[in-house]
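Structure, as structure tokens:
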Amino acid sequence: MDLLQVIVGVVLAILGWVIGHRFTSARDVKNSQRSIRVAALAEAYRVLVRSGIDGVMVKRDASGAVVNGAKPVEDAIALIHLYGTQEQSTLASNYATQISTEGGGDATELVNALRKDIRENLGGYDVEGQPRYLRVTYQDTRSSK
């Protein structure tokens with residue numbers, strides 16, 4: 001009888017360990033997936049906000065060389081299609097279509113959807129209203145004599 005109690009105790013301990021390990025592993029995988037997704041969407045958010053602040057994707061620098069700021073936006077759209085929700089993917093497609101057909105587009109809805117989703121995944125709430133972003137430009141005040 002004592003041997004049976006020991007065997008039952010060992011079996012229950014092993015089952016408890018296996019079940020606990022499975023739940024812990026599943027939680028770790030889910031947390032890792034969420035972390036990767038949030039990081040990718042945060043990068044897309046950053047790029048789209050920067051694009052909106054700059055107001056132009058392709059421009060010339062002070063020396064006249066062409067600076068292509070469209071590549072990060074193209075990559076951001078691809079990231080949204082890979083990691084985003086159906087709504088975000090649709091908004092990204094609409095934004096891409098606007099740019100290709102009209103030469104420009106408004107990513108406000110897309111940026112807002114990304115911000116809301118990222119903040120929810122981080123345990124926060126979305127901000128109320130439309131945030132204002134800052135652009136500071138350098139103005140040379142030295143006189144050129």
Side-chain angles (χ1 to χ4, degrees), residues 1-140:
M1 194 58 145
D2 290 335
L3 181 62
L4 183 61
Q5 288 176 337
V6 170
I7 292 173
V8 169
V10 169
V11 168
L12 287 176
I14 290 172
L15 280 175
W17 178 82
V18 168
I19 291 170
H21 178 70
R22 281 187 174 256
F23 281 122
T24 300
S25 294
R27 183 196 66 217
D28 290 348
V29 167
K30 189 172 183 167
N31 286 341
S32 180
Q33 290 170 337
R34 182 180 15 244
S35 177
I36 291 167
R37 181 175 180 272
V38 167
L41 293 179
E43 176 62 15
Y45 175 85
R46 185 192 67 73
V47 166
L48 292 174
V49 168
R50 170 53 48 203
S51 173
I53 290 170
D54 289 347
V56 63
M57 286 189 232
V58 180
K59 59 186 173 189
R60 294 196 181 274
D61 65 12
S63 69
V66 174
V67 177
N68 185 354
K71 291 235 181 264
V73 175
E74 294 166 358
D75 293 343
I77 297 298
L79 284 174
I80 293 165
H81 288 308
L82 183 60
Y83 293 107
T85 64
Q86 179 62 52
E87 175 195 18
Q88 293 161 355
S89 181
T90 300
L91 291 169
S93 291
N94 292 346
Y95 179 59
T97 300
Q98 283 180 346
I99 291 171
S100 65
T101 59
E102 301 170 21
D106 183 357
T108 303
E109 280 187 75
L110 176 56
V111 167
N112 289 345
L114 290 170
R115 184 187 64 240
K116 180 181 180 191
D117 188 33
I118 292 166
R119 291 177 65 88
E120 283 176 359
N121 273 285
L122 296 175
Y125 299 97
D126 195 21
V127 295
E128 293 292 324
Q130 183 63 34
R132 303 278 301 170
Y133 297 99
L134 178 64
R135 177 175 174 84
V136 177
T137 57
Y138 172 75
Q139 184 174 5
D140 193 353

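The figures here come from the full heavy-atom set of this structure, side chains too, leaving out hydrogens, waters and symmetry mates.
One finds the CD1 atom of Ile99 at 6.5 Å from the CD1 atom of Ile77 (value rounded to the nearest 0.5 Å). We find the CD1-OH distance between Ile80 and Tyr45 to be 12.0 Å, quoted to the nearest 0.5 Å. Note that CD1 of Ile118 is 8.5 Å distant from CZ of Arg37, once rounded to the nearest 0.5 Å. The OH atom of Tyr83 sits 10.0 Å away from the CD atom of Gln33 when rounded to the nearest 0.5 Å. With rounding to the nearest 0.5 angstrom, the CD1 atom of Ile19 is 9.5 Å from the CG atom of Leu12. Here CG of Leu114 is found 12.0 Å from CD of Glu109. Values are rounded to the nearest 0.5 Å.
Between Gln88 and Leu41 there is a side-chain heavy-atom pair separated by less than 4.5 Å. Contact annotation: the side chain of Asp54 approaches that of Arg135 to within less than 4.5 Å [non-hydrogen atoms, C-beta and beyond]. Contact annotation: the side chain of Ser93 approaches that of His81 to within less than 4.5 Å [non-hydrogen atoms, C-beta and beyond]. Between Pro131 and Arg115 there is a side-chain heavy-atom pair separated by less than 4.5 Å. Side chains of Asn112 and Gln130 form a contact here, defined as non-hydrogen atoms less than 4.5 Å apart. Proximity of Asp117 to Glu87: side-chain heavy atoms (C-beta onward) are nowhere separated by under 4.5 Å. Looking at Tyr133 and Val111, their side chains come closer than 4.5 Å, going by heavy atoms from C-beta outward. Between Val47 and Asp75, the closest side-chain pair of non-hydrogen atoms is not below 4.5 Å.
Summarising the local packing, CZ of Phe23 is surrounded by 12 or fewer heavy atoms from other residues, nucleotides or ligands at distances under 6.0 Å. Within 6.0 Å of the CD atom in Glu120, the count of heavy atoms belonging to other residues, nucleotides or ligands exceeds 12.
Shown are His21, Arg22, Arg27; of these, the side chain to side chain contact (heavy atoms under 4.5 Å, CB included) with Ser25 is made only by His21.
Closest non-hydrogen pair, Ala70 versus Asn68, comes out as N-OD1, 2.8 Å.
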